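Accompanying notes for the structure given below.
Proteins come first, then strands; the chains are lettered A, B, ... in the order of their sequence lines, and each starts at number 1. Source: prediction; values computed, not measured. Note: hydrogens, waters and symmetry copies are ignored here, and every other heavy atom, side chains too, is used.
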Amino acid sequence: MNVSLATFPFLSATLLSCIVGLVTILLIPGRRKDLIRWVSACFSGISLVLSIYLFAAYDRTQGGLQFVEKITWVKSLGIQYFNAADGFDLPLILLTGIVHFTGVLSMWELERRVKEFFALYFVLVTGVFGFFMSMDLFFLFVWYDVSLFPMYPLIVIWGSTRKEYGGMKLFLYLLFGSALILPAMIYLFVQSGGVGFDIPSLIQPGTFSPFQQKFAFLFLYLGFGILAGVWPFHTWSPSGHVAAPTSVSMVHAGVLMKLGAFGVLRVAIFLCPLGWEYWAPWMAVLATIGIIYGVLVGLVQKDLKFVVAYSSVSHMGIVGLGLATVTAEGLSGAVFQMFAHGIMTALLFSSVGYFHDRTDTKSIPELGGMSRIMPVASTYFIVGALAGMGVPGFANFWAELTVILSSLRVYPISGVTAILALVVSALFMLRVVQQTFYGATNERFAKLPDVTPGLGVPRIILIATLLLFGFFPSLMLDLIHASVFPFMEGLPK
Amino acid sequence: MTWIIAAPELYFLFTAAVFFTFAMISRPNAKRDYITALVLALPAVLVTLACVKLHGGFSQFYRVDLFSQIFKVLLAMGFFLIVCICLQLHGIREERHPEFYLLLSVCTLAMMVLVSSVDLLTIYVSLELSSYSLYILVALRKGNGHSLEGGIKYFLMGAAVSAIMLFGMALLYGACGETNVSAIANALSADIASPMLVIGLMLTLCGFFFKLAVFPFHFWAPGVYQGAANQVTAYIATATKAAAVALLLRFATVGAESVYLVHILVALAIASMTLGNLAAIGQKDLKRLLAYSTVAQAGYILIGILCMSESGFAAAIFYAAAYLMMNFICFVVVVKVGEQGGNVLVSGLAGLHRRSPLLAVSIMAGVFSLGGLPPTAGFTGKFLVFTAAMEKGYFYLVLIGMLNVLVSLYYYVLVVKAAYFLDPEEPLPAIELSFPTKLLLVAIVISLLVGGMYPDIFYGPALAAARALAG
């Protein structure tokens, strides 16, 4: 077995923290609910610490792939267990660490089938971490599927609002995506003429002809695009988000959708840059439609979770638009937006989940005057909504600004449309905030207690993250630039 | 020529003789029959394993090579696994148990001969021998109208297909004056345009398609699966499929040069996958569902075969081995859940995770592997098959295959859903599993995972077998 490790295997340690956590949870008897919660918090905490370390320890001056771990796996097919990270992966690894930890804390009050819930949750997160750090196409696909299949039981057992429909729809849609991805991956593997599945080797110029790149890109983009919620393949996302329990919605909208966008970036764009340039205008069209569509449909929703879900579709459209610009700025903005939106939407879903758990409703007309009943809990949602509107001071502001500035240069119409859509989205978010938190108080909920300090912790972590990267965007942008610029310079002109 | 090369076959002949004696002279004793079968079945696996490296043959009729020996190991394993789940052979009258094991041994023996046969005559005779054993096995189920119907349906269709196959063989012989498979292959490559040869080959293949339940030769499968005793169905769904794959591979090398053959195989693969999966969606009976899933799985295996390349053949062999395990595991659940040997509805799995967590995990592993979810052997098998097809430029075939995987996952997930998320209408008792059964289930689940995560362990021998086939 050929093993190659540059330093201590931090990436594998992050994965292992989830896998060991999973095994430990499985070994604890189901009735020891508190122990299971603490074990989950402990192991998700370890993965959070490791992901923060990875983010901080990456040498930005040096750039390139770092923390490389390589083990030959299936020699006959050239498959390797190959983990590494660069400025594209690390924001998302950090995002996963944060959402994983806060997700566990948000589900602290869960009482039904606690063991199974956290076990499946850990499987899901393991897949997500693996996907973000894998540099081998085969493993990348395996991790992708590993992260998808727990979604179904998580939604069907612990979800709400048409959960069986939402769960099955999501499962089939996402698998449909993988039905497009796998043939394209195998196609690239075969066309590479024995290079194997190793992404850094496959991206060497000249490995694929222009036709092959255009052909494979289309399938990869559509396949991953489904998971990224690209219009018109987004319909699984609102029903799935709404049906899922709180922390699953958080991971789902916060992290899982990024798997799709990141797949487009890491696989489709990296391996088929000519295909990317060729299809970029179409990507921009779909992204722009997604942005407008999410806003317009969100406008008429009465369910608070649907509002957040459709705003996700719109915000993921911004990621798509950034990727479609074929510029370094657009790419940086897209990666930053993936991170910022992940944190922001996790915050929104965790807040909605809290209201839903207490009031048993997500209907905007029913909720009302919540800021007087639960001022602290309301603040969390309002802060999330402000971040979503792109208010300066939050990470989302920089991300959206970067994408829109670059898209105004490349696709002026899309850029202007996106700005208008964002303005409308801000207005409708304000309307939702006004109706839910400042309208007439629903007496039925007048006696409900406010959020406990324990449950406040995850929300505060998420807000702090948004503010940290909002006030110091260079913390993130420097890291992303360290990888984006060398990548763009290496592209065939 | 030394007799040792026929050790696996001779061993099964001995096994058959033991049960023949039981059937002739002794009083019914289910436990004795079971223990005898088990005691004989385990060494059978060891004997075939010990003979893996042997090669040689009898004149031009019978070839012992790595290819045939690997399939013999699979067949012996299939036999062993089926015997393992026969402790409570509720579906079959006690006085018929010796006959049951006798027929099972004879059928396995016949299929072992089949995988080594390289002459039309030996192929036909051994195929018929295995078929007749199966016809009787299907009809053995006690007091069940479906069983008789299934048996008759199987027999009539089998006889018709057998006649067609014989006609095809006659045409092949007529066209090239040879009965040896290699000689026919040479004749075919020399005179590929001869309609008589091509038609002869196609008609001959019908017999093997029937065995594998490839569309449109699959009509027997749902009825027979439903009608036969659970253990018999398990046997038909696992071991006989391995033999059919071996035979198809043997003949694929014959027709490797024929474009027509490849086109027909492509059409059959697509039709099998698609129709099998679509038909499975609506099934309520778990065995019927698995029957249609077999039709679909046959389509995936055909993709490997139609590549006509070493990697394609190796992928098909890998897939056949994986298929044996994953399908078997589903049938263990059918046997254990089906009270008194009855059939099991998909909804009958409700609450399985409480009744027996191990069975629930097992069926989840089994159907997820059938559906091709990583990290199971089913996923790797599909991956290998699709890679081989892509090497030949069949992008569209891989795409259709993947879309079929998607459809199949829908109904496989319904099975898992029933086991995990549905509650039975009235509380059902826990299902007690004996220690050996637990061990068996754990071993198979682990092998499915090992096959998925370290495919080299199984893919290496499969590749060597494919090379032996070509050589």
Exactly one candidate in A:Tyr165, A:Trp236, A:Phe149, A:Tyr152 meets ring pair (Phe, Tyr, Trp, His ring centres under 6.0 Å) with A:Phe171; the answer is A:Tyr152

Surrounding OH of A:Tyr278 (heavy atoms of other residues, nucleotides or ligands, distance under 6.0 Å), is the total greater than 12?
no

Just how far is it from atom CG of B:Leu469 to atom CZ of B:Arg467, taken to the nearest 0.5 Å?
12.5 Å

Is there a donor in the side chain of A:Thr72 and an acceptor in the side chain of A:Gln80, or the other way round, less than 3.5 Å apart?
no

For a quick check under 3.5 Å, do B:Tyr319 and B:Gln297 share a side-chain donor-acceptor pair by atom type?
yes

Please flag which part of A:Val142 lies under 4.5 Å from any non-hydrogen atom of chain B: side chain, backbone, both or neither.
both

SG of B:Cys307 to NZ of B:Lys392: how many Å apart, nearest 0.5 Å?
7.5 Å

Less than 4.5 Å apart, any side-chain heavy atom of A:Met107 and any of A:Val114?
no

Side chain from CB out, backbone as N, CA, C, O: work out which of these in A:Leu77 comes under 4.5 Å of a heavy atom of chain B, or both, or neither.
side chain

Please classify the contact of A:Tyr144 with chain B as side chain, backbone, both or neither, using a heavy-atom distance under 4.5 Å.
neither

Hey, what do you get for CG (B:Asn277) to OG (B:Ser293), rounding to the nearest 0.5 Å?
8.0 Å

Checking an interface table here. Which of residues 346-369 of chain B come within a heavy-atom distance under 4.5 Å of chain A?
B:His353, B:Phe368

Using a heavy-atom cutoff of under 4.5 Å, enumerate the residues of residues 122-141 of chain A that contact chain B, numbered in order, or state 'none'.
A:Phe138, A:Phe141

Counting heavy-atom pairs under 4.5 Å to chain B, which of A:Trp143, A:Phe219, A:Phe189 comes out on top?
A:Phe219

Indicate the ring-plane relationship of B:Tyr396 and B:Tyr394, choosing parallel, tilted or perpendicular according to the 30° and 60° boundaries.
perpendicular

Aromatic B:Tyr300 / basic B:Lys382 pairing, under 6.0 angstrom, 45° off normal
yes

Between the side chains of B:Glu391 and B:Ser309, does any donor sit under 3.5 Å from an acceptor?
no

Whatever's closer than 4.5 Å to a heavy atom in chain B on A:Leu172 counts as both

What part of A:Ile157 gets closer than 4.5 Å to chain B, counting heavy atoms only: side chain, backbone, both or neither?
side chain

Which answer fits A:Met185, side chain, backbone, both or neither, if we ask what part of it has an atom under 4.5 Å from a heavy atom of chain B?
neither

How many angstroms lie between atom CG of B:Leu289 and atom SG of B:Cys330, to the nearest 0.5 angstrom?
9.0 Å

Can you tell which part of A:Gln191 gets under 4.5 Å to a heavy atom of chain B, answering side chain, backbone, both or neither?
neither

Would you check, one step at a time, whether the test ring pair (Phe, Tyr, Trp, His ring centres under 6.0 Å) holds for A:Phe224 with A:Phe262?
CA-CA 8 Å; A:Phe224 283 118; A:Phe262 186 75; 9.1 Å; no

Is B:Leu384 close to chain A through its backbone or its side chain, or both, or neither, when contacts mean heavy atoms under 4.5 Å?
side chain

Which bit of B:Phe386 comes within less than 4.5 Å of chain A, counting heavy atoms only: side chain, backbone, both or neither?
both

Of the listed B:Val398, B:Leu373, B:Leu414, B:Asp456, the one with the largest count of heavy-atom pairs under 4.5 Å with chain A is B:Asp456

Starting from the C-alpha separation in whole Å, work towards a yes-or-no answer on side chain to side chain contact (heavy atoms under 4.5 Å, CB included) for A:Leu174 and A:Phe176.
CA-CA 5 Å; A:Leu174 302 191; A:Phe176 178 69; over 6 Å; no

Distance-only, no hydrogens or angles: does the A:Lys115 side chain make a donor-acceptor pair with backbone N or O of A:Ile36 under 3.5 Å?
no

